[in-house]
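Structure first, then comments.
Reminder, nothing fancy here: chain letters follow the sequence lines and each chain counts from 1. The model shown is predicted, which means the values in this text are computed figures rather than measured ones.
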Amino acid sequence: MIRFESVTKRYGETIGIEGVSFEVPDRSFYVVTGPTGAGKTTTLNLTSGVLKPEEGDIYFDGERVNDISPRKRDVAFAFQDFILYPNMNVFDNIAFPLRSSLRNVDRDTIQAKVEQVAGALSITSHLKKNPSQLSGGEMQRVGIARALVREPNAFLMDEPLSNLDAKIREELRAELKRLQSEMDQTFLYATPDKTEAFSIAEEILLINDGKIIQHGKPLEVYNDPQTLFVATYLSQPEANLFQGYVSDGRLELTEVESTSSIPEDLLQTLLSSNTQDVIVAVYPEDLAIEMNSSKNKEGGIELNAKVETSRFMGASQVVDISCGELSLKSVSSLDLNLERGSEVRVTFKLDEAYFFDDGDQSRLC
Amino acid sequence: MAQVELEDLTKSFGDLVAVDHIDLAIKDGEIFVLLGPSGCGKTTTLRMIAGLETPDCGDIFIDRQKVNELSTRERDIAMMFQLPTVYPHLSVHDNISFPLRTQGYDQNLIEERVDQAAAILELTPQLNERASKLSGGKKQAVALARSIVREPQVFLMDEPTTALDAKLGDRLQKRLKIMHEDLNATVIYVTHDQMEALNLADRVAVMYQGEIFQVDSPTQIYAQPRNLFVANFMGSPGMNFLDCTIDGEGTIHFHGFDLTLPQDFNQNLNLEHLTDHKLIFGLRPENIQLTKGASDEASSDNLVPGKVDLLEPLGTETIVHVQLGEEIVKVQKEATFTAQPGDAVACGLVSPNLTLFDRESEQTIY
């Protein structure tokens, strides 16, 4: 088990991570996510021992490892850009870490291990090839296989799929998840990609500007965002945001000039927080498009809007809608035939929306 | 604006045939996407249209004029690349007006065009900012605005959203689509991302190993892929494929299960000819009906029993990988679906949207 306790690392004036505490459960697939510069790579490098924390402690299985060298920590690292040894064939590239003088691994074991990981990553037929004969996706598989061939304390992966084509990325992420569960090992994995994080993670750690914003199971975080940043970062397409003003038990959405009553339980929470200026976030899949006006149900918002454009997604479509000055997005079924400029109604339920304090952007309800 | 035609276009680099005798007719005013994996020849094709590569053979026509011998500048095109090219020390306004000023346009016309382009690309508030201060997405928008003001005949774009994060890429796509609708411009757009192709395109050409496999609208390519490669490449996740055979009654045999085909298949397929032929049965993840729990009479209802292999909860939906015998199929379920690996499930595999392929030629049969 890997544990960070109030770990801080700066690069001169710049914060790498600050006061970060988390625990990676044994044999779990744990994903650190957040935008570029959030501190993901710093977190991984502190775990491997390439970087030393300035404050705080790092533990492996209860043992403090701050002063233990990377080699002795025994973690395997996979990167975005692998460098394969060009003069070795694929087999020898994968076997390389096992042939280290530090590890006395016999020839038969090496053979068996390489074949096992190559099989798992579907590169068995390439074992005799030279790296120069491989495509980018195949090279990345070899690089991952080289990291997986050992049995270290943990596998650290820093955006290993980021440089690959979308299609290969999608296939490899499921393979990695399958591999992790078969190998029953601890994976600590960094990616800025929300879909990738959700797809593979048992738990995610969302960081930004070097600080932890929220952690937990992906869907729990998605459905219970604690700050506005969480709701916008994890939604794809991005969540719709409305400025709101609460008074006399009613909610006014100021940009779209809509006023409606607030369901009782929401109202109680809002009143107790003493906040009047709110931001209401609605995920695109919770924003429905209707061609005709519907009966305004309790706790529902209905707005007049205009279709800007729609984008085919295969099983669904993303519709960009303008509502006054606001640009909104809805994920809808394909049976709606929407032309640019069509007048439509967009609706959402207040109890499916998330309310944030307009000041500190924390979640109210 | 103009149409672009490619005839028998070919380009090799040493032994590698990058583009292999392709023909394309890109219509005036459409967003045409060249889609395919890395190394398929899409960028080489775009660079030949731009005049940055010389074809080994074949002709390129822009607005019915053969342009093979014309320089890039003479072809009247605008190009956009993966990394935005802006003049960092200039303001957004001066970046956008640059091509007009260098060609000595009238000041009033320059201001009019800059204002128009900035409005389309939502850059009006930033017009006086320095370009170096902008985010990657805004820089790409500036590059796009700069190419709009020239009113070129054709826009050529090589993965302009790849270097942006997902949200900025999404915004640029939306702006591009609206710009296209406003200007009715001819846009040729290269990407490896099939979702982006579906999102943006009026028509898509799927390329692989220098060849064009299919040219169609996104909805047609998605619903009626011409071969296995296209079927797998389009869609996220791609289509599921199961090895099968068919008998004279129109019954599909797959891993010891029998499935009855929808009526129109029976009517349209030459079953006699296909009997015992090696086939592949293709189904999109959203067209598989997944129910929880084991079923005793599974195969009688076109239901095949399986067990959950893994789940990908993506927030908006959940992708369930289900093991059916030796095969794994991916099923798209609503975000609220929950299950554990190993749970028994049943898959309804017969849908009007299924596709049959020939296993040998990998071509679509029906």
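Side chains of B:Thr316 and A:Gln236: no donor on one and acceptor on the other come within 3.5 Å.
No donor-acceptor pair closer than 3.5 Å links the side chain of A:Lys167 to the backbone N or O of B:Gly36. Under a 3.5 Å cut-off, the side chain of B:Asn199 and the backbone N or O of A:Phe312 do form a donor-acceptor pair. The backbone N or O of B:Gly315 sits nowhere less than 3.5 Å from a side-chain atom of A:Lys194 that would complete a donor-acceptor pair.
In this structure, the portion of B:Ile328 lying under 4.5 Å from any heavy atom of chain A is its side chain and not its backbone. Looking at B:Glu286, the atoms closer than 4.5 Å to chain A (heavy atoms on both sides) all sit in the side chain, from C-beta outward. The part of B:Ala335 that comes within reach of chain A is its backbone (N, CA, C, O), which places non-hydrogen atoms under 4.5 angstrom from that chain. Of the atoms belonging to B:Asn287, not a single heavy atom falls under 4.5 Å from chain A. Contact annotation for B:Tyr222: only side-chain heavy atoms (C-beta onward) come within less than 4.5 Å of a heavy atom of chain A. Heavy-atom distances place both the backbone and the side chain of A:Asp165 under 4.5 Å from chain B. For B:Leu310, the part lying near chain A is the side chain, with the backbone staying farther off; criterion is any non-hydrogen pair under 4.5 Å. For B:Glu317, no part lies near chain A; criterion is any non-hydrogen pair under 4.5 Å. Within the 4.5 angstrom heavy-atom criterion, no atom of B:Asn353 approaches chain A. With a threshold of 4.5 angstrom between heavy atoms, B:Thr191 does not approach chain A through any atom at all.
Taking the charged nitrogens against the carboxylate oxygens, B:Asp182 and A:Arg340 do have a contact shorter than 4.0 Å, which makes a salt bridge. Between B:Asp170 and A:Lys329, at least one side-chain N (NZ, or NE/NH1/NH2) sits under 4.0 Å from a carboxylate O, which counts as a salt bridge.
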Trace of the side chain to side chain donor-acceptor pair (under 3.5 Å) decision for A:Ser327 with B:Lys174: CA-CA 11 Å; A:Ser327 265; B:Lys174 179 191 149 191; 3.0 Å; yes

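More than 12 heavy atoms of other residues, nucleotides or ligands sit less than 6.0 Å from atom NZ of A:Lys129.
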